[in-house]
Amino acid sequence: MKLSMLLWLMSVLPQPLADQTCLATTVYLEARSQSTIGQMAVAEVAMRRRERGQWGGTVCDVVKSPHQFALTTTPQSQDIDNLQAFQKAWDIAGQSIINWGRPADERRFFVPRADHFATVSVAPAWSRNRNAITIGDHKFYAIN
């Protein structure tokens with residue numbers, strides 16, 4: 001399946017199915033080769049941003065914010081062809097949405113306060129002089 005097809009589905013699906021599709025696609029694009037904890041951490045960043053409302057009021061708004069997640073930087077012709085990895089990302093997205101539906105003191109966090117991440121091979125300007133939690137190939141930062 002092409003990314004363009006998933007983007008179209010995201011635009012026509014009802015909530016909360018659209019949000020799960022957006023989050024699953026983001027986890028797939030950003031972290032499909034990472035551990036379960038690494039994938040949960042990516043989802044956590046998106047969910048934290050949605051809760052704060054700085055990048056939009058829905059998960060789809062957040063992950064479609066320009067240049068924030070791979071959903072907006074990956075060519076729409078990209079094949080989503082690892083169905084096992086997408087199924088795992090789908091499950092993680094569902095678990096994350098359920099987790100963030102709980103009261104804050106009952107949630108499970110993997111990267112507390114983190115609202116940004118980058119691969120370990122890059123050092124964005126916003127990451128300088130910031131503490132990070134490293135999980136697999138990603139560093140997670142609390143910027144805001």
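All heavy atoms count here, side chains included; hydrogens, waters and symmetry mates do not.
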Within the side chain of Arg48, is there an N or O that forms a donor-acceptor pair under 3.5 Å with the backbone of Ala114?
yes

Between Leu6 and Val62, is there shared hydrophobic-cluster membership here, with clusters defined by ILVMFWY side-chain heavy atoms closer than 4.5 Å?
yes

So do the side chains of Lys88 and Tyr28 get within less than 4.5 Å of each other, counting heavy atoms only?
no

Test your reading of the model: is there a side-chain donor-acceptor pair from Asn99 to the backbone of Arg108, 3.5 Å cut-off?
yes

dist Ser11:OG -> Lys64:NZ (nearest 0.5 Å) comes out at 6.0 Å

Would you say Thr58 and Asp61 are linked by a side-chain donor-acceptor pair, where the criterion is simply a distance under 3.5 Å?
yes

Derivation and outcome, side chain to side chain contact (heavy atoms under 4.5 Å, CB included), residues Lys2 and Gln78
CA-CA 6 Å; Lys2 299 282 185 201; Gln78 171 85 28; over 6 Å; no

I'd like to know if the side chain of Glu44 and the backbone of Val111 have a donor-acceptor N/O pair within less than 3.5 Å.
yes

Indicate, with yes or no, if Ile37 and Trp90 share a hydrophobic cluster defined by side-chain heavy-atom contacts under 4.5 Å among Ile, Leu, Val, Met, Phe, Trp and Tyr.
yes

Donor on one side chain, acceptor on other, Asp91 and Gln87, under 3.5 Å
yes

Should Met5 and Val63 be counted in the same cluster of Ile, Leu, Val, Met, Phe, Trp and Tyr side chains packed under 4.5 Å apart?
yes

Centroid-centroid distance, Phe69 to Trp55, less than 6.0 Å
no

Where does the angle between the aromatic ring planes of His116 and Trp126 fall among parallel (under 30°), tilted (30 to 60°) and perpendicular (over 60°)?
tilted

For residues 130-144, which residue pairs pass the salt bridge (charged side-chain N to carboxylate O under 4.0 Å, His left out) check, not counting sequence neighbours?
none

Measure across Ile133 and Pro112 and return the closest heavy-atom pair with its distance rounded to 0.1 Å.
CD1-CD, 4.2 Å

What closest approach, in Å, do Ala24 and Ala89 show between heavy atoms, and which atom pair accounts for it?
O-CB, 3.4 Å

Can you tell me how far apart OG (Ser96) and CH2 (Trp100) are? Round to the nearest 0.5 Å.
9.0 Å

Just say parallel, tilted or perpendicular for the rings of Phe140 and Phe117, cut-offs at 30° and 60°.
tilted

Using modelled atom types only, decide if a donor and an acceptor are shared between the side chain of Ser65 and the backbone of Gln68 within a distance under 3.5 Å.
no

CD (Glu106) with more than 12 external heavy atoms under 6.0 Å
yes

For residues Ile135 and Ser35, report the shortest heavy-atom separation together with the two atoms involved.
CG2-OG, 4.2 Å

Crowding at CG, Asn131 (>12 non-hydrogen neighbours, <6.0 Å)
no

Under a single-linkage definition using a 4.5 Å side-chain heavy-atom cutoff for Ile, Leu, Val, Met, Phe, Trp and Tyr, are Leu83 and Met10 assigned to the same hydrophobic cluster?
no

Please say which of Asp81, Thr25, Val27 ends up in a side chain to side chain contact (heavy atoms under 4.5 Å, CB included) with Phe86.
Thr25

Hey, could you give me the CG/CD1 distance between Leu29 and Ile80, rounded to the nearest 0.5 Å?
4.5 Å

Of the non-hydrogen atoms in Ala85 and Arg32, which two are nearest, and what is the gap between them?
CB-CB, 4.1 Å

Positive for side chain to side chain donor-acceptor pair (under 3.5 Å) with Asp115, one of Gln54, Arg52, Arg49
Arg52

Rounded distance [0.5 Å steps], CD1 in Ile97 versus CD in Gln20
5.0 Å

Same hydrophobic cluster for Met47 and Tyr141, using side-chain heavy-atom links shorter than 4.5 Å among ILVMFWY?
no

For the atom pair CZ (Arg107) and CZ (Arg102), what is the distance rounded to the nearest 0.5 Å?
10.0 Å

So with a 6.0 Å cut-off around CG of Asn129, is the heavy-atom count from everything else above 12?
no

Applying side chain to side chain contact (heavy atoms under 4.5 Å, CB included), run through Leu71 and Glu30 and close with a yes or a no.
CA-CA 9 Å; Leu71 201 55; Glu30 297 280 5; over 6 Å; no

Taking C-beta and beyond as the side chain, do Cys60 and Leu23 meet within less than 4.5 Å on heavy atoms?
no

